[in-house]
Amino acid sequence: MKIFISADMEGVTGVAHRDQLVPEGRTYERARHLMTADINAVITGALRVEPAAEFIVGDGHGVMRNILIEELHEAAQLLVGPCHPDNKPLCMVQGVERGCGVAFFTGYHSRAGTPGGLLAHTWSGAAVTNIRVNGEIVGEAALNAAIIGHWDVPVALVSGANELEAEANATIPEGFVFVGLKQSYGFNAALCLPP
Ligand SMILES: [Zn+2]
């Protein structure tokens, strides 16, 4: 089976501040290792039950050149590069169209305005207050779940900070596992599991 992994960075364990999320941040390089390690952990776990699985990883955060391919599990291929209508119109879930059976959303975060939500936002904190689909306010997890639904690909796993679980349960079709990696203390603090 081919498994698609849409990887964001805000929900990665050890990440709690914008300095870790942007290339100009002093702690960004360390956060790239943490992000890659979280993805490798998911791949290692999946291979225990599906030894022949292959993985397509979509780097879905910011500049979309965050994941360290030299450290990425050898069962995976990595889709690198920013969202653009000409080459990555599916943005965070580009790659799902390559015959994938299920999708994992790793390092995801809660939607804009989530009370106490760690690094909570929807697409762009500076530009977007809310996005509604059919009148319902949704976050990136639900938006991306809807997009991959076009290929009949279900979400099988979501990882991130604890408050994302309720949002995922309310807005993504059931059948996925939520993996909580950190307990939020607010927008910029969290109690984190070790990598
Ligand atoms: Zn992000």
Side-chain angles (χ1 to χ4, degrees), residues 4-42 56-69 72 76 78-84 87-96 103-114 116-131 137-148 155 157-165 167-168 171-172 178-182 184 186-190 192-193 195:
F4 176 69
I5 300 176
S6 173
D8 206 350
M9 202 165 189
E10 288 85 347
V12 166
T13 193
V15 171
H17 193 279
R18 185 178 185 277
D19 186 72
Q20 297 169 286
L21 298 171
V22 292
E24 58 270 29
R26 289 174 55 224
T27 50
Y28 169 71
E29 290 300 327
R30 280 188 59 229
R32 299 176 75 186
H33 290 280
L34 296 172
M35 181 184 191
T36 308
D38 270 14
I39 296 162
N40 285 341
V42 165
I56 294 176
V57 180
D59 193 325
H61 171 77
V63 294
M64 301 192 172
R65 298 187 296 268
N66 309 285
I67 296 163
L68 299 166
I69 193 168
L72 188 63
L78 178 63
L79 185 54
V80 184
C83 297
H84 191 279
N87 54 26
K88 271 182 73 178
L90 303 183
C91 202
M92 293 178 75
V93 290
Q94 193 75 55
V96 74
F104 299 163
F105 292 170
T106 63
Y108 267 48
H109 54 83
S110 51
R111 71 188 179 209
T114 302
L118 185 75
L119 299 165
H121 67 279
T122 304
W123 291 123
S124 166
V128 177
T129 299
N130 275 314
I131 293 177
I137 296 175
V138 296
E140 294 172 21
L143 284 167
N144 288 329
I147 294 168
I148 68 173
V155 179
L157 178 145
V158 178
S159 74
N162 59 309
E163 74 276 5
L164 178 59
E165 183 171 15
E167 177 183 324
T171 56
I172 296 177
F178 181 81
V179 181
L181 302 177
K182 45 195 177 183
S184 297
F187 192 79
N188 272 146
C192 301
L193 290 174

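Since this is a predicted model, take the numbers as computed values, not measurements. We count residues from 1, following the sequence as given. Both ligands and their constituent atoms are indexed starting at 1 by order of listing.
- The backbone N or O of R65 lies less than 3.5 Å from a partner atom in the side chain of R32, making a donor-acceptor pair.
- Side chain of E165 to backbone of F178: no donor-acceptor contact under 3.5 angstrom is found.
- Scanning for side chain to side chain donor-acceptor pair (under 3.5 Å) contacts around H33 gives E71, with sequence neighbours left out.
- Residue-level check: among N/O/S atoms of E10, OE1 sits closest to the Zn ion (ligand 1).
- For the residue pair E163/T114, the side-chain donor-acceptor check at 3.5 Å is not satisfied.
- The atom name of the N/O/S atom in H61 closest to the Zn ion (ligand 1) is ND1.
- Shortest distance from the Zn ion (ligand 1) to D8 is reached at OD1 (N/O/S atoms only).
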